[in-house]
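Order of the sequence lines fixes the chain letters, A, B, ..., with proteins taken first and strands second; residue numbering starts at 1 for each chain.
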Amino acid sequence: MPQPESRTPSFMMVRDRLKEQIRSAVESAQRTGALPPFEIPQFDVLRPKQAEHGDYSSNVAMVAAAAARKAGGAQSNPRAIAQAIADQIALASATSTGAGSTDAPLIGSVEIAGPGFLNIRLADGWLQAQVPAIIAAGAAFGNSDRLAGQRWQVEFVSANPTGPIHYGGARNAVLGDALAGVLQAAGANVQREYYVNDGGSQFKWFLETLYARYMNLFGHPVAIPEQGYVGEYVIGYAQLVRDDVGDALVSMDRAAALVALRPLGRAIVLADLERELGRMGVHFDNWFSEQSLYDEGLVQQSLDYLDARGELERRDGAVWFKASAYPGCDKDEVVVRSTGSPTYLAGDIAYHYDKFVRRGFDKVVNVWAVDHQGHVARMAAVMRALGMDPDRLIILLYDLVKLVRDGQEVKLSKRKGNLVTISDVVDEVGSDAMHFNLLSRGPESVIEFDLDLAVAQNNDNPVFYVQYSHARICSIFEKAAAEGVAVAGTPADTALLVHPSELALVRKILELEEQIDYAVDRLAPHNLTHFASELARTFNAFYRDCRVVDPDNVALSAARIELCRAAQTALVRVLTLLGISAPTTM
RNA sequence: GCCCCCUUAGCUCAGAGGAUAGAGCAACUGCCUUCUAAGCAGUUGGCCGCAGGUUCGAAUCCUGCAGGGGGCGCCA
């Protein structure tokens, strides 16, 4: 059978190809006089909910009817217009078959239904030909070039460097990581960045706590400051400091010791953050220091820049950013206190100046918890004040995670010390279950996560369902190899795949591209968890209906092995994007 | 008071202006001589918070209202 050798991993999405074919069919119909001349309006190609309505449907005839009527044409019945378009599509498909084309025709049939929908069914031959193409695409399957050439940054987590991250931060981590993944899949050059807030008061209180714990190790009764961190983990950090420098800080005066402690404490807490995030498979390309903005004078530089543009004002001894001049902001914001010390916003202005002006990212996504929503309009104002298009900065807000244990909500607080960390939850439910759970809902929904239930219902967790399917595929490969029927990777005639469950599986696999595109569109990857479940379910239906390993039909077995490999390709791809492992046995 | 988000099956949630609103869990009924039954098939379950509007068509867009959550600091 003809193999689509020329197809690259990023071939045009089916939906877009259909749209193109429909458009040219309309134009052909207009040329032949079947349709009156009119400007082709915006129309949709979408996936019908009902399977009987085909693989795709289009409302082109309905929206064209209005346009035709407006153009004064006699033909304005949507169903009649649909018929004219369908005729042209059928004609085009029939004539494109020959001419030595390596591409099988995409469209199998077109039907007219309801008020004038065009219901399109993909051709079996085309579907069969996609199986080797999917396998060939491998880890790149589902990629597109939609964002090719663009430099993106996703800044996420960015929890204060004062100790382990609480569970709510896990949502930020999985969301940012998955988002960065789909942006990369869409062709963008993506940097994952963690903004380290080592320049503010929280870090200062952390250092003072660390100092107190350190001194306590040597029997000196230094009290933990009132705003310090009482969690016992700081004792562990203090022991690491002692391991590193011994009693060198004990004899120093307090101020000098704190200065010396700054890089030590920073390194210790960052190592802890990195390790903890690493346990969930989340890794950053860059850890950006807030303090460095001050050390390099960038805060002053960007404030001077705003001042020169007339965006600042001195009032009541403080320096204000005139945010109220911008939409969504009802008041000005202090950037330098009357005490002379800059506010957090001053650092943030410099930080974003750095992101866009110095480092030149085309787009930046900041993943923030919803309690920072007041900061969103402010940052848009900052962008405008810096003379940049505010659309280049995208703030992705996600709502909170309510952790429930023993029927009661667990309050998360580093200060109180009854910390529930990411590691705690990874220990309890596992990284994979946590990823799936936190990524199966939209960012704006509140998640109530019952730890007891998660443990008790381990087997009912959808993530296991999906992983089980993958393990099942691997098991089939072993079985096939053991029986000497077919080895994965041997050439096969995928035209033998004609069973409805086989073709349904190919269809579902091919949907991944659109799912990734949709996630990029919305900058929210939660549709991918649902897709993963659907893909697994579709595979299981195929598994039920079609025996893969059959010594009496080696050719068919080989073709089905290839289909399994294609399914595996898609499963691994979507699980990888979600930060979930694909175990070979369970 | 002003601003933002949410409200869909008993529960947790999807739903991209399209046709008869979907999954999972829970409940009930079947299916292992079989490549993983950690699976599959089926049944039950809905004034899509309420009321208007926009249009060929609204869970989806607009307005108002109710309920829930969050934000409005010379905090970060």
Side-chain angles (χ1 to χ4, degrees), chain A residues 15 44 46-50 52-53 57-59 62-63 65-66 78 113-117 119 158 160 197 199-203 290 315-320 328-331 333-345 347-348 369-378 397-400 402 437 440-450 453 457-462 464-465 467-469 471-480 482-483 485 514-515 517-518 521-522 526-527 529-531 533-534 536-537 540-541 543-550 557 560-561 564 585-586:
Chain A
R15 184 201 299 265
D44 294 323
L46 39 94
R47 291 179 171 275
K49 289 167 188 162
Q50 258 68 33
E52 316 87 72
H53 294 152
S57 73
S58 179
N59 64 349
M62 275 116 81
V63 297
F117 285 105
N119 290 342
S158 301
N160 280 333
N197 295 124
S201 53
Q202 295 303 321
F203 187 61
E290 178 190 16
R315 195 196 313 154
D316 305 329
V319 181
W320 300 72
C329 297
D330 46 11
K331 58 186 178 52
E333 303 292 336
V334 170
V335 286
V336 183
R337 299 181 185 89
S338 51
T339 61
S341 71
T343 63
Y344 181 81
L345 180 61
D348 232 15
V370 72
D371 57 343
H372 289 66
Q373 65 177 246
H375 205 45
V376 173
R378 211 168 299 151
L397 293 179
Y398 64 93
D399 217 301
L400 305 174
K402 286 183 183 172
N437 194 287
S440 61
R441 295 150 173 84
E444 66 285 338
S445 71
V446 177
I447 294 181
E448 277 192 33
F449 193 77
D450 189 323
L453 212 62
Q457 295 192 337
N458 242 354
N459 292 346
D460 294 330
N461 194 316
F464 291 102
Y465 181 86
Q467 289 179 319
Y468 185 72
S469 294
R472 186 174 253 175
I473 290 172
C474 295
S475 168
I476 292 171
F477 292 157
E478 282 193 11
K479 175 85 173 176
E483 297 199 4
V485 170
E514 284 169 24
Q515 293 289 346
D517 189 63
Y518 184 47
D521 222 39
R522 295 299 189 85
H526 61 284
N527 58 307
T529 54
H530 298 273
F531 172 73
S533 294
E534 286 172 16
R537 192 177 315 123
N540 284 333
Y543 172 85
R544 176 197 67 222
D545 295 335
C546 304
R547 183 168 185 89
V548 178
V549 181
D550 181 3
S557 291
R560 286 178 171 169
I561 287 282
C564 287
T585 58
M586 289 180 75

Using a cut-off of strictly less than 4.0 Å, decide whether [X] has a side-chain nitrogen or oxygen near OP1 or OP2 of [N].
{"X": "A/Asn540", "N": "B/C40", "result": "yes"}
{"X": "A/Ser445", "N": "B/A14", "result": "yes"}
{"X": "A/Arg337", "N": "B/G73", "result": "no"}
{"X": "A/Arg537", "N": "B/G39", "result": "no"}
{"X": "A/Tyr398", "N": "B/C5", "result": "no"}
{"X": "A/Lys49", "N": "B/A19", "result": "yes"}

Original post:
Between the side-chain atoms of A/Asn119 and the base atoms of B/A19, is any donor-acceptor pair under 3.5 Å?
Top reply: yes
Base, sugar-phosphate, or nothing: which does [X] touch, judged by heavy atoms less than 4.0 Å apart?
{"X": "A/Ser469", "answer": "nothing"}
{"X": "A/Asp399", "answer": "nothing"}
{"X": "A/Arg547", "answer": "base"}
{"X": "A/Arg560", "answer": "nothing"}
{"X": "A/Arg522", "answer": "sugar-phosphate"}
{"X": "A/Asn59", "answer": "base"}
{"X": "A/Val548", "answer": "base"}
{"X": "A/His526", "answer": "sugar-phosphate"}
{"X": "A/Gln515", "answer": "base"}
{"X": "A/Asp521", "answer": "nothing"}
{"X": "A/Ser57", "answer": "base"}
{"X": "A/His53", "answer": "base"}
{"X": "A/Ala113", "answer": "base"}
{"X": "A/Glu448", "answer": "sugar-phosphate"}

Nearest whole angstrom, please: distance from the [atom2] of [N] to the [atom1] of [X].
{"X": "A/Leu46", "N": "B/A19", "atom1": "CG", "atom2": "P", "answer": "9 Å"}
{"X": "A/Glu444", "N": "B/C5", "atom1": "CD", "atom2": "C1'", "answer": "8 Å"}
{"X": "A/Phe531", "N": "B/G24", "atom1": "CZ", "atom2": "P", "answer": "16 Å"}
{"X": "A/Asp550", "N": "B/C35", "atom1": "CG", "atom2": "C1'", "answer": "11 Å"}
{"X": "A/Asp371", "N": "B/C6", "atom1": "CG", "atom2": "P", "answer": "17 Å"}
{"X": "A/Tyr543", "N": "B/A41", "atom1": "OH", "atom2": "P", "answer": "13 Å"}
{"X": "A/Arg441", "N": "B/C13", "atom1": "CZ", "atom2": "C1'", "answer": "6 Å"}
{"X": "A/Met62", "N": "B/A58", "atom1": "CE", "atom2": "P", "answer": "12 Å"}

Could you please name the partner base of [N], counting Watson-Crick and G-U wobble pairs only when both distances are under 3.5 Å?
{"N": "B/U44", "value": "none"}
{"N": "B/A9", "value": "none"}
{"N": "B/A38", "value": "none"}
{"N": "B/A59", "value": "none"}
{"N": "B/G73", "value": "none"}
{"N": "B/A26", "value": "none"}
{"N": "B/U54", "value": "none"}
{"N": "B/C65", "value": "B/G49"}

Original post:
Donor-acceptor pair, A/His530 side chain versus A/Ser440 backbone, under 3.5 Å?
Top reply: yes
Original post:
Is there a donor-acceptor pair closer than 3.5 Å between any side-chain N or O of A/Arg560 and the backbone N or O of A/Arg547?
Top reply: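 Checked: pair present.
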Closest to the [X] side chain, choosing from [options]:
{"X": "A/Lys479", "options": "B/C35, B/A38, B/C40", "result": "B/C35"}
{"X": "A/Tyr344", "options": "B/C35, B/C74, B/A76", "result": "B/A76"}
{"X": "A/Asn160", "options": "B/G70, B/A76, B/G18", "result": "B/A76"}
{"X": "A/Lys331", "options": "B/C72, B/A14, B/A38", "result": "B/C72"}
{"X": "A/His375", "options": "B/C3, B/A76, B/G18", "result": "B/A76"}
{"X": "A/Ser338", "options": "B/G18, B/A16, B/C74", "result": "B/C74"}
{"X": "A/Tyr468", "options": "B/C13, B/A38, B/A16", "result": "B/A38"}

Original post:
In terms of base orientation, is B/C11 syn or anti, with the syn window spanning 90° either side of 0?
Top reply: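 Here B/C11 takes the anti form, which means its glycosidic angle is more than 90° from 0.
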Subject >> Residue whose closest nucleotide on RNA chain B lies nearer the 5' end, A/Asn527 versus A/Gly114 >> reply: A/Asn527
Original post:
Starting at the 5' end of RNA chain B and moving along, which residue's nearest nucleotide shows up first, A/Leu400 or A/Asp545?
Top reply: A/Asp545
Original post:
Is there aromatic stacking of A/Phe464 against B/A38, centre distance under 5.5 Å, plane angle under 30°?
Top reply: no
Original post:
Does the ring of A/Tyr465 lie flat against the base of B/A38, closer than 5.5 Å centre to centre with planes under 30°?
Top reply: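 By the stated criterion, A/Tyr465 and B/A38 do not stack.
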Going from [atom1] on [X] to [atom2] on [Y], what distance comes out if it is rounded to the nearest 0.5 angstrom?
{"X": "A/Ser469", "Y": "A/Met586", "atom1": "OG", "atom2": "CE", "value": "9.0 Å"}
{"X": "A/Asn197", "Y": "A/Glu290", "atom1": "CG", "atom2": "CD", "value": "5.0 Å"}
{"X": "A/Leu46", "Y": "A/Arg15", "atom1": "CG", "atom2": "CZ", "value": "7.0 Å"}

Original post:
When you look at A/Asp316 and A/Ser338, which way does the side chain to side chain contact (heavy atoms under 4.5 Å, CB included) test go after all the steps?
Top reply: CA-CA 7 Å; A/Asp316 305 329; A/Ser338 51; over 6 Å; no
Original post:
Going through the distances and angles, do A/Asn437 and A/Phe449 end up as a side chain to side chain contact (heavy atoms under 4.5 Å, CB included)?
Top reply: CA-CA 8 Å; A/Asn437 194 287; A/Phe449 193 77; 2.8 Å; yes
Original post:
A/Val336 versus A/Thr343: any side-chain heavy-atom pair under 4.5 Å?
Top reply: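 No, their side chains stay 4.5 Å or more apart.
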